[in-house]
There are 2 protein chains.
Amino acid sequence: MGLQNTLRALADPIRREILSLLKAGPLTAGDICRHFTVTAAAVSRHLAVLREADLIRDRREGKFIYYELNTSVLEEIMFWITELKGDGDDA
Amino acid sequence: MGLQNTLRALADPIRREILSLLKAGPLTAGDICRHFTVTAAAVSRHLAVLREADLIRDRREGKFIYYELNTSVLEEIMFWITELKGDGDDA
DNA sequence: AATACAATTAACAATTAAGTTAATTGTTAA
DNA sequence: TTAACAATTAACTTAATTGTTAATTGTATT
């Protein structure tokens, strides 16, 4: 389910932009919301999809929930693509 | 539309498997169909999505249409991921 | 306890995606 | 031209995704 979840999560422009925002460092859900025109509920669901894909981690701090990037699962995509390109073995 | 199309195309297991099949070399639509349980029409639509994403190229040869892999658009994903991981500039 | 605030979850509407069968387009060969 | 075959496109159904508003959960403050 790893690669499938990861690619599905990345196949949405809002979710990719959320990841890009988190590149600079952790942000609260509210911080993230302010960058988009969609509602907080919509952003929250996008965050849930990213969390299920393990592309982000969350931790509560008081009444805020901080989200931060986790890029480790991207290795799997890199590997899959590299293999497809034939740099793997039987090229 | 490049990255969006590419990621959307990759976010389906059948389409990824089609690409993997084509890694070994060009195949006809019929050849590809034989590897799946879904109908030829369904495979044909998957091929159309992959073609729109420019992940495959097609050429007709007699009554067969051959499909072959085009991995060049994958560079864009590699770049995007690399940048996200911070190997880009301001890490 | 009551209020306020951050964020998520629930319930629903609208859009998009994926699958099916049936019809159509190309191409070859009788 | 007609028949046969490869493959796509059309029409339709169903399932999944995305968005909205309203209700709920969790935490801090008064």
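Nothing here was measured: the structure is a model prediction, and the numbers come from that model. Order of the sequence lines fixes the chain letters, A, B, ..., with proteins taken first and strands second; residue numbering starts at 1 for each chain.
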Check your understanding: Ignoring hydrogens and geometry, is there a side-chain-to-backbone donor-acceptor pair from A:R59 to A:Y66 under 3.5 Å?
Key -> no
Check your understanding: Can you tell me if B:R8 uses its side chain to pair, donor with acceptor, with the backbone of B:A53 under 3.5 Å?
Key -> no
Practice item. Take B:Y67 and A:A40, find for each the nucleotide of DNA chain D with the closest heavy atom, and name the residue whose nucleotide sits nearer the 5' end. Key: B:Y67
Review point. Between A:D12 and A:R60, which is nearer to the 5' end of DNA chain D once each is assigned its nearest nucleotide?
Key: A:D12
**Study point:** Audit row: B:I56, B:L47, side chain to side chain contact (heavy atoms under 4.5 Å, CB included) steps and yes/no
**Key:** CA-CA 8 Å; B:I56 57 175; B:L47 289 169; 3.8 Å; yes
Check your understanding: When you match A:R45 and A:F64 each to their closest nucleotide on DNA chain C, which lands nearer the 5' end?
Key -> A:F64
**Study point:** Worked check of side chain to side chain contact (heavy atoms under 4.5 Å, CB included) between B:E68 and B:L22
**Key:** CA-CA 6 Å; B:E68 71 182 325; B:L22 293 176; 5.8 Å; no
To the nearest Å, give me how far apart [atom1] ([X]) and [atom2] ([N]) are.
{"X": "B:L47", "N": "C:dA17", "atom1": "CG", "atom2": "P", "answer": "17 Å"}
{"X": "B:H46", "N": "C:dA17", "atom1": "NE2", "atom2": "P", "answer": "12 Å"}
{"X": "B:L50", "N": "C:dA18", "atom1": "CG", "atom2": "C1'", "answer": "14 Å"}

Practice item. Kindly determine whether A:I81 and A:L84 satisfy side chain to side chain contact (heavy atoms under 4.5 Å, CB included), including the steps that lead there. Key: CA-CA 5 Å; A:I81 290 178; A:L84 189 69; 5.5 Å; no
Study note, to complete from the structure: Sorted by chain and number, sequence neighbours left out, salt bridge (charged side-chain N to carboxylate O under 4.0 Å, His left out) with B:R57 holds for B:D54
**Study point:** B:E17/B:K23 salt bridge by N-O under 4.0 Å criterion
**Key:** no
Exercise for review: Scan B:D58, B:L55, B:T6 and name whichever one has a side-chain contact (heavy atoms from CB on, under 4.5 Å) with B:L50.
Suggested key: B:L55
Check your understanding: Which range-with-range stems can be found for DNA chain C when each stem has 3 or more Watson-Crick or G-U pairs in a row and both distances sit under 3.5 Å?
Key -> C:1-30 with D:1-30
Practice item. Please work out if B:A48 contacts a base, only the sugar-phosphate, or nothing of the nucleic acid, heavy-atom cut-off 4.0 Å. Key: nothing
Review point. Reckon A:A42 touches a base, only the sugar-phosphate, or nothing at all at heavy-atom distances under 4.0 Å?
Key: base
Exercise for review: Using chain B heavy atoms and a threshold of under 4.0 Å, write down where along DNA chain D the contacts begin and end, 5' to 3'.
Suggested key: D:dC5 to D:dT9
Exercise for review: Establish whether A:L7 and B:F79 are linked, either directly or via other cluster members, by ILVMFWY side-chain heavy-atom contacts under 4.5 Å.
Suggested key: no
